[in-house]
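Everything quoted here is computed from the prediction, not taken from an experiment.
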Amino acid sequence: MSRWRTLSQSLFGLLLFLLLASHAAANGGPFTWLPLPLPTAVSGQSWQIGVLALLPILVAGSWWLADRPARFCWEETAVTLPLAAFSLLVLLRLTPTTAHLAVMVALGWFITLFLVNHPGWQAKWLWRVLAAVLLVQSGVAVAQFLLQRELGLVWLGEPTLDLLVEGTSVAERDGQNWLRAYGLNSHPNQLGLLLTSLILLVWPQQAGAKTRLWRGLFWLALAAGFAGLLVSLSRSAWLALGVGGLVLAWPRGTTAARSWRELVVPTAVLLAGLLLFALLYGDLMASRLVALDSPLESRSLWERQRDWGIALRLVGERPFLGTGPGQYLAAAQAVDPAAVTVHNVPLLMAAELGLPGLVLWLAFWLWPLGRYGRSPAHRGATAVWLALIVMALVHPEPTLFLPKGAVLWGIAAAQWPGGAA
């Protein structure tokens with residue numbers, strides 16, 4: 001292996017770890033360290049871009065020097081064709097104030113294409129990078145939950161968490177607010193999205209943990225990921241993990257016996273953790289799963305219904321053009337100043353890009369599933385794809401317009417045929 005290929009793969013692993021294990025905030029996060037001088041048009045928006053933001057350029061440069069580019073593979077057509085059409089539609093609708101969304105879409109493409117063109121690295125090292133992210137994010141999340149405060153990791157993008165500040169995500173316990181874990185993310189549901197996706201990506205890789213060290217990392221990462229997922233108190237993430245887990249637990253053909261062996265121990269770890277959490281915090285779980293008529297939950301549900309109504313109104317007013325990518329919130333708040341981003345990605349795509357955007361987004365979701373989703377050989381890809389869809393039906397985070405959403409869709413897309421062998 002050439003030194004350039006080794007360099008590109010090492011830098012890509014570092015980039016992927018930093019993207020997933022930290023939070024890109026205006027005042028913190030690794031990608032704001034050692035800020036670069038920016039044009040006034042950008043710096044005037046309070047953005048800070050640090051030297052680590054140059055990592056994708058270094059990865060691409062060393063990748064080109066390694067292959068020059070003698071060999072380049074595209075992802076499976078069922079993925080790339082609808083995604084390319086959707087990306088083109090987004091690019092055609094961008095304005096100077098939303099041009100940064102092109103970077104997010106490009107990031108998703110970059111992650112997918114790098115993994116597709118480095119199947120050996122993906123098979124051997126991807127799960128190890130994701131396992132390290134599980135340990136970091138879950139460790140921070142569990143500590144936040146137990147201490148009921150942030151850990152002072154603003155340099156990694158940790159948000160300020162104050163139970164007395166409106167907007168901090170909490171659950172109810174004995175009539176008091178109880179902080180839900182954020183990890184190094186903007187919201188507990190984003191933590192749930194991240195951990196669910198990573199667990200389902202790491203889970204099928206047990207056979208790759210061949211030495212004692214890597215087996216230890218595998219089991220520790222899964223256990224930590226389950227713990228972090230529990231303290232996020234994210235109902236949708238729990239449901240998404242259940243859906244993905246059922247796909248992994250549905251082996252067919254000659255792989256059935258092996259699949260069940262690979263499933264039983266992780267399932268036992270999950271159930272043991274769930275039982276322990278229920279014994280210690282059963283009232284918190286009940287407040288999230290059963291007591292939906294409490295003032296806190298009633299308000300949340302009412303806000304979701306309000307935002308659905310606003311989104312449908314915007315789609316009805318501009319069914320073919322939409323508000324434009326990245327313009328939903330401004331349009332929604334013109335209807336109701338209290339509006340927030342609608343918690344449904346297809347509806348958000350319809351509102352921002354019109355019905356053509358919705359059709360292309362659904363094609364990106366459904367074409368790979370229709371072509372490969374029923375094959376037991378692709379149940380790992382199917383599991384994480386369905387989990388992302390479940391989360392996207394009740395949250396706004398799993399889109400190509402946000403960093404973690406773009407990275408997760410990029411990794412998931414690379415799991416279909418055309419990616420790693």
Which atom pair, heavy atoms only, marks the closest approach of Asn189 to His395?
ND2-CE1, 2.8 Å

Test item: Glu158 side-chain N/O and Leu153 main-chain N/O as donor-acceptor pair under 3.5 Å
yes

Could you tell me whether the side chain of Asn185 and the main chain of His187 form a donor-acceptor pair under 3.5 Å?
no

Is any side-chain heavy atom of Pro204 less than 4.5 Å from a side-chain heavy atom of Arg379?
no

Donor-acceptor pair, side chain of Gln137 and main chain of Gly183, under 3.5 angstrom
no

Do Arg128's NZ or CZ and the ring of Trp214 fall within the cation-pi criteria of under 6.0 Å and 45°?
yes

For a 4.5 angstrom cut-off between non-hydrogen side-chain atoms, does Trp127 reach Gln122?
no

Okay, side chain of Thr6, backbone of Ser2: is any donor-acceptor separation there less than 3.5 Å?
yes

Pairs satisfying salt bridge (Lys or Arg N to Asp or Glu O under 4.0 Å), at least one member in residues 185-196, at least two apart
none

Could you tell me which residues satisfy ring-ring contact (aromatic ring centres under 6.0 Å, His included) with Phe86, sequence neighbours excluded, listed by chain and number?
Trp361

Could you report the tightest heavy-atom contact between Leu393 and Asn344, atom names first, then the distance?
O-ND2, 2.9 Å

Which residues pass the side-chain contact (heavy atoms from CB on, under 4.5 Å) test with Val142, sequence neighbours left out?
Leu146, Ala227, Val231

Do Leu369 and Trp416 have side chains that approach each other closer than 4.5 Å (heavy atoms only, starting at C-beta)?
yes

Please check if the side chain of Arg215 supplies one atom and the backbone of Gln206 the other of a donor-acceptor pair under 3.5 Å.
no

For Trp63 and His118, I'd like to know if the aromatic rings sit close, meaning centre-to-centre distance below 6.0 Å.
yes

For the pair Phe12 and Trp121, name the ring-plane relationship: parallel under 30°, tilted 30 to 60°, perpendicular over 60°.
perpendicular

Closest heavy-atom contact between Leu400 and Ala406?
O-CB, 3.9 Å

Any chance the rings of Trp385 and Trp409 have centres within less than 6.0 Å?
yes

Any sub-3.5 Å donor-acceptor pair from Ser375's side-chain atoms to Tyr372's backbone N or O?
no

Side-chain donor/acceptor of Ser232 to backbone N/O of Leu229, under 3.5 Å:
yes

Can a donor-acceptor pair be found, under 3.5 Å and without considering hydrogens, that links the side chain of Arg288 to the backbone of Leu233?
yes

Here the pair of heavy atoms bringing Tyr328 nearest to Asp307 is OH-O, 3.6 Å

Give a yes or no on whether Trp308 atom CH2 has more than 12 heavy-atom contacts from other residues, nucleotides or ligands under 6.0 Å away.
no

Using modelled atom types only, decide if a donor and an acceptor are shared between the side chain of Glu352 and the backbone of Gly326 within a distance under 3.5 Å.
yes

Which atom of Gly225 lies closest to which atom of Ser138, heavy atoms considered
CA-OG, 3.4 Å

Once ring-ring contact (aromatic ring centres under 6.0 Å, His included) is applied, do any residues pair with Phe401, and if so which ones, sequence neighbours excluded?
none

Taken in chain and number order and not counting sequence neighbours, the residues that satisfy side-chain contact (heavy atoms from CB on, under 4.5 Å) with Leu276 are Leu280

Going by the rule ring-ring contact (aromatic ring centres under 6.0 Å, His included), which residues pair with Tyr182 if we only count those two or more places apart in sequence or in a different chain?
none

Any non-hydrogen side-chain atom of Leu239 less than 4.5 Å from a side-chain atom of Val394?
no

Gln333 side chain vs Ala339 backbone, donor-acceptor pair below 3.5 Å
yes

Which heavy-atom pair separates Ile411 from Leu20 by the least distance, and what is that distance?
CD1-CD1, 4.2 Å

